[in-house]
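Data block below; observations after.
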Amino acid sequence: MRNRVNIMLLIMTLLSMILAGCSRESTKSTAVEGDKGTTKASDEKLPPYQVKLVFYGPAQKDLELVEKEMSQITLKKINATVKLERIEPAAWDQQTILMLTGNEQVDLIVTGGTEFSRQVAQKQLLPLDDLLKSQGQDILKALQPEILEATKVDGKIYAIPSIRDFASNTNVMMRKDLLDKYQLDASKVKSFDDLDPILETIRKNEPTITPLGKPGASAPILNRILESSWDILGDNIGVLNSLDDLKVVNLFETPEYAKLLKTVRRWYEAGYISKDASTSKETAVDLIKANVGFGVIQKGKPGALAQTETRTNTKLELVNIGKQVTSTTNITAIMLGIPANSKDPKRAMMFLNLLNSDRDLINLIDWGIEGKHYVKVGKSIDFPPGVNATNSGYNMRQGWMFGNQLLSHTWITDNPDLWNEMDQYNRESKKSAALGFSYNPSPVKTELAAITNVVRQYQSGLENGALDPEINLPKFNAALHAAGIDKVIAEKQKQLDEWAAKNKKSGR
(Lines give C-alpha, C1' and ligand atoms only; values in the text may rest on other atoms or scores of the structure.)
Protein backbone atom coordinates (compact mmCIF):
# COMPACT_ATOMS: atom_id res chain seq x y z
CA MET A 1 0.00 0.00 0.00
CA ARG A 2 2.78 2.40 1.01
CA ASN A 3 4.63 1.65 -2.26
CA ARG A 4 1.47 2.34 -4.25
CA VAL A 5 1.05 5.72 -2.49
CA ASN A 6 4.70 6.63 -3.10
CA ILE A 7 4.33 5.81 -6.78
CA MET A 8 1.20 7.98 -7.03
CA LEU A 9 2.97 10.88 -5.30
CA LEU A 10 5.90 10.54 -7.68
CA ILE A 11 3.56 10.60 -10.69
CA MET A 12 1.71 13.67 -9.37
CA THR A 13 5.02 15.48 -8.79
CA LEU A 14 6.21 14.75 -12.31
CA LEU A 15 2.87 15.91 -13.79
CA SER A 16 3.02 19.14 -11.80
CA MET A 17 6.56 19.87 -13.06
CA ILE A 18 5.54 19.24 -16.66
CA LEU A 19 2.45 21.47 -16.36
CA ALA A 20 4.49 24.24 -14.74
CA GLY A 21 6.98 24.06 -17.58
CA CYS A 22 4.21 24.27 -20.16
CA SER A 23 2.72 27.24 -18.37
CA ARG A 24 6.04 29.11 -18.47
CA GLU A 25 6.46 28.38 -22.18
CA SER A 26 2.91 29.59 -22.87
CA THR A 27 3.48 32.83 -20.94
CA LYS A 28 6.76 33.48 -22.75
CA SER A 29 5.17 32.93 -26.17
CA THR A 30 2.31 35.33 -25.40
CA ALA A 31 4.72 38.06 -24.28
CA VAL A 32 6.72 37.83 -27.48
CA GLU A 33 3.81 37.61 -29.90
CA GLY A 34 1.25 39.87 -28.23
CA ASP A 35 0.73 43.45 -29.51
CA LYS A 36 1.57 45.18 -26.23
CA GLY A 37 4.36 42.80 -25.28
CA THR A 38 6.14 42.26 -28.59
CA THR A 39 9.51 43.32 -27.19
CA LYS A 40 9.06 42.49 -23.50
CA ALA A 41 11.21 39.38 -23.64
CA SER A 42 13.74 40.81 -26.11
CA ASP A 43 14.05 44.08 -24.17
CA GLU A 44 16.14 42.26 -21.57
CA LYS A 45 18.76 41.65 -24.27
CA LEU A 46 18.78 45.24 -25.58
CA PRO A 47 21.08 47.76 -23.87
CA PRO A 48 19.72 51.30 -23.38
CA TYR A 49 20.04 53.53 -26.45
CA GLN A 50 18.98 56.93 -27.75
CA VAL A 51 17.69 56.99 -31.34
CA LYS A 52 18.36 60.32 -33.03
CA LEU A 53 15.98 61.37 -35.83
CA VAL A 54 17.15 64.37 -37.90
CA PHE A 55 14.56 66.30 -39.91
CA TYR A 56 13.75 69.81 -41.12
CA GLY A 57 10.78 71.95 -40.14
CA PRO A 58 9.58 75.01 -38.22
CA ALA A 59 10.57 75.55 -34.58
CA GLN A 60 8.28 73.89 -32.00
CA LYS A 61 8.29 75.10 -28.38
CA ASP A 62 7.09 71.74 -27.05
CA LEU A 63 9.37 69.53 -29.14
CA GLU A 64 11.08 68.12 -26.05
CA LEU A 65 7.73 67.29 -24.43
CA VAL A 66 6.70 65.32 -27.52
CA GLU A 67 10.11 63.67 -27.52
CA LYS A 68 9.58 62.49 -23.92
CA GLU A 69 6.11 61.12 -24.68
CA MET A 70 7.46 59.21 -27.66
CA SER A 71 10.27 57.86 -25.50
CA GLN A 72 7.75 56.34 -23.08
CA ILE A 73 6.49 54.17 -25.94
CA THR A 74 9.90 53.31 -27.39
CA LEU A 75 11.40 52.47 -23.99
CA LYS A 76 8.77 49.77 -23.50
CA LYS A 77 9.06 48.38 -27.01
CA ILE A 78 12.74 48.71 -27.99
CA ASN A 79 14.44 49.98 -24.79
CA ALA A 80 15.39 53.26 -26.49
CA THR A 81 14.63 56.92 -25.98
CA VAL A 82 14.02 59.33 -28.87
CA LYS A 83 15.98 62.45 -29.77
CA LEU A 84 14.22 64.70 -32.31
CA GLU A 85 16.80 66.98 -33.91
CA ARG A 86 15.14 69.73 -35.96
CA ILE A 87 17.04 71.81 -38.50
CA GLU A 88 15.82 75.01 -40.11
CA PRO A 89 14.91 74.30 -43.78
CA ALA A 90 17.23 77.07 -45.03
CA ALA A 91 20.19 75.47 -43.21
CA TRP A 92 19.32 71.87 -44.06
CA ASP A 93 21.81 71.18 -46.85
CA GLN A 94 24.79 72.68 -45.08
CA GLN A 95 24.16 71.15 -41.68
CA THR A 96 23.32 67.65 -42.89
CA ILE A 97 26.39 67.53 -45.12
CA LEU A 98 28.52 68.35 -42.06
CA MET A 99 26.67 65.76 -39.98
CA LEU A 100 27.09 62.93 -42.47
CA THR A 101 30.70 63.66 -43.35
CA GLY A 102 31.69 63.85 -39.66
CA ASN A 103 31.37 61.36 -36.83
CA GLU A 104 28.18 62.72 -35.29
CA GLN A 105 25.65 60.02 -34.39
CA VAL A 106 22.62 60.11 -36.68
CA ASP A 107 20.26 57.12 -36.62
CA LEU A 108 17.51 58.25 -39.00
CA ILE A 109 17.57 61.17 -41.41
CA VAL A 110 15.04 62.59 -43.83
CA THR A 111 16.29 62.19 -47.38
CA GLY A 112 15.03 62.20 -50.95
CA GLY A 113 15.60 63.56 -54.43
CA THR A 114 19.09 64.61 -55.41
CA GLU A 115 20.41 64.52 -51.83
CA PHE A 116 19.43 60.83 -51.64
CA SER A 117 21.39 60.07 -54.81
CA ARG A 118 24.38 61.98 -53.46
CA GLN A 119 24.27 60.27 -50.07
CA VAL A 120 24.10 56.81 -51.66
CA ALA A 121 26.97 57.63 -54.02
CA GLN A 122 29.08 58.82 -51.07
CA LYS A 123 28.18 55.71 -49.02
CA GLN A 124 26.59 57.84 -46.29
CA LEU A 125 23.44 55.67 -46.12
CA LEU A 126 23.36 51.99 -45.19
CA PRO A 127 21.69 49.32 -47.35
CA LEU A 128 18.56 48.23 -45.49
CA ASP A 129 17.56 44.91 -47.07
CA ASP A 130 18.82 42.66 -44.27
CA LEU A 131 17.64 45.05 -41.56
CA LEU A 132 14.16 45.09 -43.09
CA LYS A 133 13.96 41.31 -42.97
CA SER A 134 15.09 41.11 -39.34
CA GLN A 135 13.62 44.27 -37.76
CA GLY A 136 11.25 45.81 -40.31
CA GLN A 137 8.45 43.28 -40.72
CA ASP A 138 5.69 45.88 -40.26
CA ILE A 139 7.24 48.07 -42.97
CA LEU A 140 7.21 45.13 -45.36
CA LYS A 141 3.52 44.58 -44.58
CA ALA A 142 2.60 48.25 -45.02
CA LEU A 143 4.40 48.96 -48.30
CA GLN A 144 3.61 47.32 -51.62
CA PRO A 145 6.62 45.58 -53.19
CA GLU A 146 6.67 47.95 -56.20
CA ILE A 147 6.94 50.95 -53.86
CA LEU A 148 9.98 49.47 -52.12
CA GLU A 149 11.37 48.51 -55.52
CA ALA A 150 11.44 52.20 -56.42
CA THR A 151 13.89 52.96 -53.60
CA LYS A 152 16.53 50.55 -54.86
CA VAL A 153 19.89 51.64 -56.21
CA ASP A 154 21.86 48.81 -57.85
CA GLY A 155 19.37 46.34 -56.41
CA LYS A 156 19.61 47.51 -52.79
CA ILE A 157 17.15 49.49 -50.64
CA TYR A 158 18.77 52.56 -49.04
CA ALA A 159 15.76 54.39 -47.56
CA ILE A 160 12.08 53.84 -46.71
CA PRO A 161 9.48 56.22 -48.18
CA SER A 162 6.87 57.69 -45.90
CA ILE A 163 3.41 56.29 -46.73
CA ARG A 164 1.57 59.28 -48.19
CA ASP A 165 0.63 60.60 -51.64
CA PHE A 166 2.68 58.67 -54.21
CA ALA A 167 1.21 60.67 -57.09
CA SER A 168 1.00 64.38 -57.84
CA ASN A 169 -0.49 66.88 -60.23
CA THR A 170 -0.07 70.64 -60.47
CA ASN A 171 -2.57 73.06 -59.06
CA VAL A 172 -2.92 76.79 -58.51
CA MET A 173 -4.20 78.13 -55.20
CA MET A 174 -5.47 81.72 -54.99
CA ARG A 175 -7.04 83.85 -52.28
CA LYS A 176 -10.80 83.58 -52.47
CA ASP A 177 -11.48 87.01 -50.95
CA LEU A 178 -9.59 88.77 -53.76
CA LEU A 179 -11.10 86.57 -56.47
CA ASP A 180 -14.56 87.47 -55.16
CA LYS A 181 -13.68 91.15 -54.71
CA TYR A 182 -12.80 91.55 -58.40
CA GLN A 183 -15.27 88.95 -59.69
CA LEU A 184 -12.52 86.78 -61.13
CA ASP A 185 -13.59 83.33 -62.37
CA ALA A 186 -10.85 80.84 -61.47
CA SER A 187 -12.70 78.01 -63.26
CA LYS A 188 -11.64 79.54 -66.59
CA VAL A 189 -8.01 78.71 -65.85
CA LYS A 190 -7.16 75.64 -67.94
CA SER A 191 -3.46 76.37 -68.50
CA PHE A 192 -0.77 78.47 -66.86
CA ASP A 193 -1.08 81.16 -69.52
CA ASP A 194 -4.74 81.59 -68.48
CA LEU A 195 -3.51 83.06 -65.19
CA ASP A 196 -2.39 86.33 -66.79
CA PRO A 197 -5.70 88.26 -66.56
CA ILE A 198 -6.14 87.28 -62.91
CA LEU A 199 -2.58 88.15 -61.93
CA GLU A 200 -2.79 91.44 -63.82
CA THR A 201 -5.98 92.43 -61.99
CA ILE A 202 -4.35 91.78 -58.62
CA ARG A 203 -1.19 93.68 -59.57
CA LYS A 204 -3.12 96.76 -60.74
CA ASN A 205 -5.56 96.95 -57.86
CA GLU A 206 -3.55 95.60 -54.92
CA PRO A 207 -0.11 97.27 -55.01
CA THR A 208 0.96 95.78 -51.65
CA ILE A 209 0.18 92.20 -52.76
CA THR A 210 2.62 89.89 -54.56
CA PRO A 211 0.42 88.04 -57.09
CA LEU A 212 2.54 84.85 -57.28
CA GLY A 213 4.88 83.42 -54.65
CA LYS A 214 7.27 80.47 -54.52
CA PRO A 215 6.09 77.02 -53.38
CA GLY A 216 9.15 76.53 -51.16
CA ALA A 217 12.07 78.45 -49.68
CA SER A 218 14.48 77.02 -52.25
CA ALA A 219 11.89 76.00 -54.86
CA PRO A 220 11.46 78.33 -57.86
CA ILE A 221 8.05 79.38 -59.18
CA LEU A 222 8.12 76.59 -61.79
CA ASN A 223 9.34 73.84 -59.47
CA ARG A 224 6.08 71.96 -58.94
CA ILE A 225 5.21 72.13 -62.65
CA LEU A 226 8.43 70.34 -63.55
CA GLU A 227 7.88 67.64 -60.93
CA SER A 228 4.37 66.88 -62.21
CA SER A 229 4.92 67.17 -65.98
CA TRP A 230 8.00 65.00 -66.53
CA ASP A 231 9.46 61.90 -64.97
CA ILE A 232 12.54 63.70 -63.71
CA LEU A 233 14.28 60.37 -62.95
CA GLY A 234 15.51 61.56 -59.60
CA ASP A 235 17.35 64.76 -60.31
CA ASN A 236 16.19 66.54 -63.51
CA ILE A 237 19.54 65.77 -65.17
CA GLY A 238 18.08 63.58 -67.90
CA VAL A 239 14.28 63.12 -67.87
CA LEU A 240 11.54 61.24 -69.69
CA ASN A 241 9.77 63.68 -71.98
CA SER A 242 6.93 61.16 -72.34
CA LEU A 243 5.72 58.94 -69.50
CA ASP A 244 4.96 56.21 -72.03
CA ASP A 245 8.48 55.58 -73.34
CA LEU A 246 11.97 55.19 -71.93
CA LYS A 247 13.88 57.81 -73.93
CA VAL A 248 16.06 60.03 -71.71
CA VAL A 249 16.40 63.64 -72.87
CA ASN A 250 17.86 66.91 -71.62
CA LEU A 251 14.94 68.67 -69.90
CA PHE A 252 16.54 72.07 -70.40
CA GLU A 253 16.56 71.62 -74.20
CA THR A 254 12.92 70.60 -74.55
CA PRO A 255 10.45 73.01 -76.22
CA GLU A 256 8.09 72.60 -73.26
CA TYR A 257 10.73 73.86 -70.82
CA ALA A 258 11.55 76.83 -73.06
CA LYS A 259 7.84 77.71 -73.24
CA LEU A 260 7.50 77.64 -69.45
CA LEU A 261 10.51 79.92 -69.09
CA LYS A 262 8.93 82.44 -71.47
CA THR A 263 5.75 82.38 -69.40
CA VAL A 264 7.49 82.93 -66.07
CA ARG A 265 9.69 85.64 -67.60
CA ARG A 266 6.55 87.43 -68.80
CA TRP A 267 5.09 87.23 -65.29
CA TYR A 268 8.31 88.55 -63.77
CA GLU A 269 8.53 91.52 -66.13
CA ALA A 270 4.85 92.33 -65.52
CA GLY A 271 5.47 92.49 -61.77
CA TYR A 272 3.51 89.38 -60.82
CA ILE A 273 6.59 87.84 -59.15
CA SER A 274 8.77 89.50 -56.51
CA LYS A 275 12.01 90.91 -57.90
CA ASP A 276 14.00 89.14 -55.17
CA ALA A 277 12.32 85.74 -55.65
CA SER A 278 15.61 84.12 -56.68
CA THR A 279 17.34 85.08 -53.43
CA SER A 280 14.51 85.37 -50.90
CA LYS A 281 13.56 82.44 -48.66
CA GLU A 282 9.96 83.71 -48.30
CA THR A 283 7.36 81.31 -49.64
CA ALA A 284 3.87 81.98 -51.00
CA VAL A 285 2.46 80.58 -47.75
CA ASP A 286 4.50 83.14 -45.79
CA LEU A 287 3.25 85.96 -48.01
CA ILE A 288 -0.42 84.92 -47.95
CA LYS A 289 -0.34 84.41 -44.18
CA ALA A 290 1.09 87.96 -43.80
CA ASN A 291 -1.64 89.35 -46.11
CA VAL A 292 0.92 90.37 -48.75
CA GLY A 293 0.53 87.41 -51.12
CA PHE A 294 -2.20 86.13 -53.47
CA GLY A 295 -1.38 82.83 -55.17
CA VAL A 296 0.98 79.89 -55.67
CA ILE A 297 1.56 77.07 -58.16
CA GLN A 298 1.65 74.07 -55.87
CA LYS A 299 1.86 70.30 -55.84
CA GLY A 300 -1.59 68.71 -55.86
CA LYS A 301 -2.87 65.88 -53.70
CA PRO A 302 -6.04 65.09 -51.71
CA GLY A 303 -6.31 67.47 -48.77
CA ALA A 304 -3.79 69.98 -50.16
CA LEU A 305 -6.30 72.84 -50.23
CA ALA A 306 -7.51 72.38 -46.64
CA GLN A 307 -3.97 71.97 -45.36
CA THR A 308 -2.74 75.13 -47.10
CA GLU A 309 -5.75 77.07 -45.86
CA THR A 310 -4.89 76.00 -42.32
CA ARG A 311 -1.26 77.05 -42.74
CA THR A 312 -2.20 80.45 -44.13
CA ASN A 313 -5.37 80.97 -42.08
CA THR A 314 -6.95 82.13 -45.36
CA LYS A 315 -9.72 80.77 -47.60
CA LEU A 316 -8.29 79.73 -50.98
CA GLU A 317 -9.64 78.52 -54.29
CA LEU A 318 -7.94 75.67 -56.09
CA VAL A 319 -7.63 74.95 -59.81
CA ASN A 320 -6.17 71.63 -60.95
CA ILE A 321 -4.05 71.65 -64.10
CA GLY A 322 -3.24 68.24 -65.55
CA LYS A 323 -3.75 64.65 -64.36
CA GLN A 324 -1.85 63.19 -61.45
CA VAL A 325 1.21 61.09 -62.29
CA THR A 326 3.30 58.59 -60.35
CA SER A 327 7.02 58.21 -60.88
CA THR A 328 9.87 56.84 -58.84
CA THR A 329 10.69 60.43 -57.89
CA ASN A 330 7.24 60.87 -56.33
CA ILE A 331 7.89 57.86 -54.15
CA THR A 332 11.48 58.71 -53.22
CA ALA A 333 10.91 62.44 -52.67
CA ILE A 334 10.54 61.98 -48.89
CA MET A 335 12.16 59.00 -47.19
CA LEU A 336 13.95 58.04 -44.00
CA GLY A 337 17.39 56.52 -44.26
CA ILE A 338 19.80 55.05 -41.71
CA PRO A 339 23.18 56.81 -42.01
CA ALA A 340 26.50 55.02 -41.78
CA ASN A 341 27.01 57.21 -38.67
CA SER A 342 24.38 55.26 -36.70
CA LYS A 343 25.83 53.54 -33.64
CA ASP A 344 23.06 50.91 -33.66
CA PRO A 345 21.44 50.41 -37.10
CA LYS A 346 19.27 47.57 -35.78
CA ARG A 347 17.71 49.84 -33.17
CA ALA A 348 17.25 52.55 -35.79
CA MET A 349 15.31 50.06 -37.94
CA MET A 350 13.23 49.01 -34.91
CA PHE A 351 12.24 52.65 -34.40
CA LEU A 352 11.49 53.10 -38.11
CA ASN A 353 9.36 49.96 -37.97
CA LEU A 354 7.34 51.51 -35.11
CA LEU A 355 6.85 54.71 -37.12
CA ASN A 356 5.13 52.55 -39.71
CA SER A 357 2.98 50.51 -37.32
CA ASP A 358 2.36 52.24 -33.97
CA ARG A 359 -0.60 54.67 -34.12
CA ASP A 360 0.19 56.30 -30.78
CA LEU A 361 3.78 56.99 -31.81
CA ILE A 362 2.94 58.36 -35.25
CA ASN A 363 0.23 60.64 -33.89
CA LEU A 364 2.64 62.04 -31.31
CA ILE A 365 5.18 63.08 -33.93
CA ASP A 366 2.46 64.25 -36.35
CA TRP A 367 0.17 66.14 -33.95
CA GLY A 368 1.73 66.29 -30.50
CA ILE A 369 0.17 65.35 -27.16
CA GLU A 370 -3.56 64.65 -26.97
CA GLY A 371 -5.32 67.10 -24.68
CA LYS A 372 -2.48 69.62 -24.89
CA HIS A 373 -1.93 70.10 -28.62
CA TYR A 374 -5.11 68.52 -29.98
CA VAL A 375 -8.41 66.98 -28.90
CA LYS A 376 -10.59 64.42 -30.67
CA VAL A 377 -13.75 65.75 -32.32
CA GLY A 378 -15.76 62.88 -33.78
CA LYS A 379 -13.53 61.07 -36.25
CA SER A 380 -11.13 64.01 -36.51
CA ILE A 381 -9.04 66.26 -34.26
CA ASP A 382 -8.90 70.00 -33.53
CA PHE A 383 -7.09 72.42 -31.26
CA PRO A 384 -8.09 72.27 -27.57
CA PRO A 385 -10.06 75.24 -26.18
CA GLY A 386 -7.83 78.32 -25.99
CA VAL A 387 -5.21 76.85 -28.34
CA ASN A 388 -4.74 77.89 -31.96
CA ALA A 389 -2.13 77.79 -34.72
CA THR A 390 -0.29 80.82 -33.34
CA ASN A 391 0.00 79.80 -29.68
CA SER A 392 0.20 76.01 -29.91
CA GLY A 393 3.46 74.59 -28.62
CA TYR A 394 3.44 71.87 -31.28
CA ASN A 395 1.86 72.48 -34.66
CA MET A 396 4.40 71.15 -37.16
CA ARG A 397 1.96 69.55 -39.65
CA GLN A 398 4.54 67.39 -41.40
CA GLY A 399 2.87 64.00 -41.20
CA TRP A 400 3.93 63.34 -44.79
CA MET A 401 7.52 63.18 -43.56
CA PHE A 402 7.40 60.48 -40.87
CA GLY A 403 6.49 56.83 -41.40
CA ASN A 404 2.93 55.80 -42.17
CA GLN A 405 0.76 58.92 -42.49
CA LEU A 406 -2.30 56.72 -43.06
CA LEU A 407 -2.18 55.87 -39.33
CA SER A 408 -2.47 59.55 -38.46
CA HIS A 409 -5.56 61.42 -37.33
CA THR A 410 -7.26 63.73 -39.83
CA TRP A 411 -7.61 67.40 -38.92
CA ILE A 412 -11.10 68.78 -38.52
CA THR A 413 -10.79 70.84 -41.71
CA ASP A 414 -9.91 67.70 -43.72
CA ASN A 415 -12.32 65.13 -45.02
CA PRO A 416 -12.44 62.34 -42.40
CA ASP A 417 -12.18 59.95 -45.36
CA LEU A 418 -8.97 61.64 -46.56
CA TRP A 419 -6.79 58.53 -46.46
CA ASN A 420 -9.23 56.56 -48.62
CA GLU A 421 -9.23 59.49 -51.05
CA MET A 422 -5.45 59.36 -51.05
CA ASP A 423 -5.46 55.67 -51.85
CA GLN A 424 -7.83 56.22 -54.78
CA TYR A 425 -5.79 59.20 -56.03
CA ASN A 426 -2.66 57.05 -56.04
CA ARG A 427 -4.36 54.16 -57.81
CA GLU A 428 -5.92 56.35 -60.53
CA SER A 429 -2.70 58.16 -61.38
CA LYS A 430 -0.85 57.93 -64.67
CA LYS A 431 2.13 55.64 -64.06
CA SER A 432 5.51 56.36 -65.63
CA ALA A 433 6.97 53.64 -67.81
CA ALA A 434 10.07 53.91 -65.61
CA LEU A 435 8.23 53.38 -62.31
CA GLY A 436 10.58 51.46 -60.06
CA PHE A 437 13.77 52.63 -61.75
CA SER A 438 16.38 54.46 -59.67
CA TYR A 439 19.71 55.22 -61.18
CA ASN A 440 23.11 55.02 -59.52
CA PRO A 441 24.95 58.32 -60.09
CA SER A 442 28.33 56.98 -58.91
CA PRO A 443 29.79 56.45 -62.43
CA VAL A 444 29.21 60.13 -63.29
CA LYS A 445 29.65 61.79 -59.89
CA THR A 446 32.45 64.04 -61.19
CA GLU A 447 30.24 65.34 -64.01
CA LEU A 448 27.28 65.74 -61.65
CA ALA A 449 29.36 67.90 -59.30
CA ALA A 450 30.22 70.22 -62.20
CA ILE A 451 26.60 70.19 -63.44
CA THR A 452 25.35 71.09 -59.95
CA ASN A 453 27.44 74.25 -60.02
CA VAL A 454 26.00 75.21 -63.41
CA VAL A 455 22.44 74.54 -62.25
CA ARG A 456 22.98 76.72 -59.19
CA GLN A 457 24.18 79.52 -61.45
CA TYR A 458 21.22 79.52 -63.84
CA GLN A 459 18.19 77.50 -62.73
CA SER A 460 16.76 79.69 -59.98
CA GLY A 461 17.08 82.87 -62.04
CA LEU A 462 15.48 81.27 -65.10
CA GLU A 463 12.65 79.49 -63.25
CA ASN A 464 11.78 82.57 -61.19
CA GLY A 465 11.77 84.77 -64.31
CA ALA A 466 14.71 86.96 -63.24
CA LEU A 467 16.93 85.86 -66.16
CA ASP A 468 15.93 86.40 -69.79
CA PRO A 469 15.66 82.90 -71.32
CA GLU A 470 16.34 84.19 -74.83
CA ILE A 471 19.86 85.09 -73.70
CA ASN A 472 20.49 82.77 -70.76
CA LEU A 473 18.89 79.44 -71.73
CA PRO A 474 21.44 78.88 -74.55
CA LYS A 475 24.22 79.82 -72.11
CA PHE A 476 22.78 77.42 -69.53
CA ASN A 477 22.73 74.52 -71.99
CA ALA A 478 26.19 75.31 -73.32
CA ALA A 479 27.55 75.24 -69.78
CA LEU A 480 25.71 71.98 -69.08
CA HIS A 481 27.25 70.34 -72.15
CA ALA A 482 30.68 71.57 -71.10
CA ALA A 483 30.12 70.13 -67.61
CA GLY A 484 29.29 66.69 -69.04
CA ILE A 485 25.48 66.43 -69.16
CA ASP A 486 25.65 64.27 -72.30
CA LYS A 487 27.72 61.69 -70.44
CA VAL A 488 25.26 61.73 -67.54
CA ILE A 489 22.26 61.27 -69.85
CA ALA A 490 24.03 58.42 -71.66
CA GLU A 491 24.77 56.71 -68.34
CA LYS A 492 21.20 57.15 -67.15
CA GLN A 493 19.87 55.77 -70.46
CA LYS A 494 22.22 52.79 -70.20
CA GLN A 495 21.03 51.97 -66.67
CA LEU A 496 17.40 52.49 -67.65
CA ASP A 497 17.76 50.13 -70.63
CA GLU A 498 19.38 47.50 -68.40
CA TRP A 499 16.58 47.89 -65.85
CA ALA A 500 13.93 47.57 -68.56
CA ALA A 501 15.56 44.44 -70.00
CA LYS A 502 15.78 42.86 -66.55
CA ASN A 503 12.13 43.67 -65.76
CA LYS A 504 10.99 42.29 -69.11
CA LYS A 505 12.92 39.10 -68.48
CA SER A 506 11.46 38.73 -64.99
CA GLY A 507 7.94 39.42 -66.28
CA ARG A 508 7.35 42.51 -64.14
Side-chain angles (χ1 to χ4, degrees), residues 90 170-175 178-179 182 184 186 188-230 232 236 251-299 308 312 316-317 319 321-322 454-480:
T170 308
N171 64 41
V172 184
M173 296 186 200
M174 297 169 280
R175 278 174 53 177
L178 294 178
L179 289 171
Y182 299 107
L184 298 169
K188 292 181 178 178
V189 177
K190 306 298 182 185
S191 70
F192 299 110
D193 290 330
D194 293 339
L195 287 170
D196 286 67
I198 294 177
L199 299 176
E200 177 63 12
T201 299
I202 300 302
R203 188 197 67 81
K204 281 184 176 179
N205 295 283
E206 301 285 344
T208 63
I209 301 290
T210 299
L212 199 59
K214 299 193 299 183
S218 302
I221 296 289
L222 296 183
N223 180 265
R224 304 307 193 238
I225 303 175
L226 304 183
E227 290 181 350
S228 301
S229 302
W230 284 270
I232 63 174
N236 274 329
L251 165 67
F252 309 111
E253 289 183 324
T254 62
E256 294 86 354
Y257 183 75
K259 184 177 185 298
L260 284 171
L261 292 188
K262 288 180 181 178
T263 298
V264 78
R265 176 65 175 175
R266 183 177 72 246
W267 291 342
Y268 179 87
E269 290 185 313
Y272 308 156
I273 298 168
S274 173
K275 296 302 179 188
D276 66 349
S278 297
T279 55
S280 172
K281 296 298 182 183
E282 281 192 312
T283 68
V285 166
D286 297 328
L287 297 175
I288 294 170
K289 190 174 182 179
N291 199 33
V292 292
F294 168 71
V296 61
I297 299 173
Q298 193 55 279
K299 178 182 176 180
T308 307
T312 60
L316 303 170
E317 191 160 335
V319 177
I321 298 179
V454 174
V455 168
R456 285 175 180 164
Q457 182 181 354
Y458 287 98
Q459 189 174 28
S460 180
L462 285 168
E463 294 178 12
N464 283 310
L467 293 179
D468 183 351
E470 294 292 333
I471 298 170
N472 290 284
L473 183 56
K475 290 181 180 179
F476 183 27
N477 276 305
L480 287 170

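Hydrogens, waters and symmetry mates are skipped; everything else that's a heavy atom, side chains included, is used.
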How many angstroms lie between atom CG of Leu226 and atom CG of Leu251, to the nearest 0.5 angstrom? 6.0 Å
Let me confirm one number: the CD-CG distance from Gln457 to Asn472, rounded to the nearest 0.5 Å. 9.0 Å
Please report the shortest heavy-atom distance between Lys275 and Glu269, naming the atom on each side. NZ-CA, 4.2 Å
Output yes when a side-chain donor or acceptor of Arg175 lies under 3.5 Å from a complementary backbone atom of Leu316, and no otherwise. no
Verify side chain to side chain contact (heavy atoms under 4.5 Å, CB included) between Leu195 and Tyr272, making sure each step is shown before the conclusion. CA-CA 10 Å; Leu195 287 170; Tyr272 308 156; over 6 Å; no
Any heavy-atom pair between the side chains of Thr208 and Asn291 that's under 4.5 Å? no
With Leu287 via side chain to side chain contact (heavy atoms under 4.5 Å, CB included) - residues at least two apart: Thr210, Glu282, Val292
If you measure from CZ on Arg224 to CD1 on Ile321, what distance do you get to the nearest 0.5 Å? 15.0 Å
Are the side chains of Phe294 and Arg203 in touch, meaning some heavy atoms are under 4.5 Å apart? no
Show the numbers, then the answer: is there a side chain to side chain contact (heavy atoms under 4.5 Å, CB included) between Thr201 and Asn205? CA-CA 6 Å; Thr201 299; Asn205 295 283; 3.6 Å; yes
Where do Leu480 and Tyr458 land on the side chain to side chain contact (heavy atoms under 4.5 Å, CB included) test, with the steps shown first? CA-CA 10 Å; Leu480 287 170; Tyr458 287 98; over 6 Å; no
On a heavy-atom basis, the closest approach of Ile221 and Gly213 is CD1-O, 3.4 Å
Among all residues two or more places apart in sequence or in another chain, which pass the side chain to side chain donor-acceptor pair (under 3.5 Å) test with Lys259? Asp193
Under 3.5 Å: donor-acceptor pair, side chain of Arg265, backbone of Pro469: no
Between atom CE of Met174 and atom CD1 of Ile288, what is the distance when rounded to the nearest 0.5 Å? 10.5 Å
Within the 4.5 Å heavy-atom criterion, are Leu184 and Ile202 side-chain neighbours or not? yes
Quick one: does any side-chain atom of Asn477 pair with a main-chain N or O of Pro474 as donor and acceptor, under 3.5 Å? no
Distance-minimising heavy-atom pair for Ala284 and Gly295: CB-O, 3.9 Å
From NZ (Lys289) to OG1 (Thr283), nearest 0.5 Å: 9.5 Å
Working for side chain to side chain contact (heavy atoms under 4.5 Å, CB included), residues Lys214 and Asn464: CA-CA 8 Å; Lys214 299 193 299 183; Asn464 283 310; 3.7 Å; yes
So which atom in Ser460 and which in Pro220 form the shortest heavy-atom distance, rounded to 0.1 Å? CA-CG, 4.3 Å
Contact check, side chains of Asn223 and Glu227, non-hydrogen atoms, under 4.5 Å: yes
Taking all atoms of both residues into account, what is the closest heavy-atom pair of Lys281 and Ser218, and its distance? NZ-OG, 3.5 Å
Could you state the interatomic distance from CG (Leu261) to CG (Leu222), rounded to the nearest 0.5 Å? 6.5 Å
Look at the aromatic rings of Phe252 and Phe476 and report parallel, tilted or perpendicular, splitting at 30° and 60°. tilted
Do Leu467 and Leu473 have side chains that get closer than 4.5 Å, going by heavy atoms? no
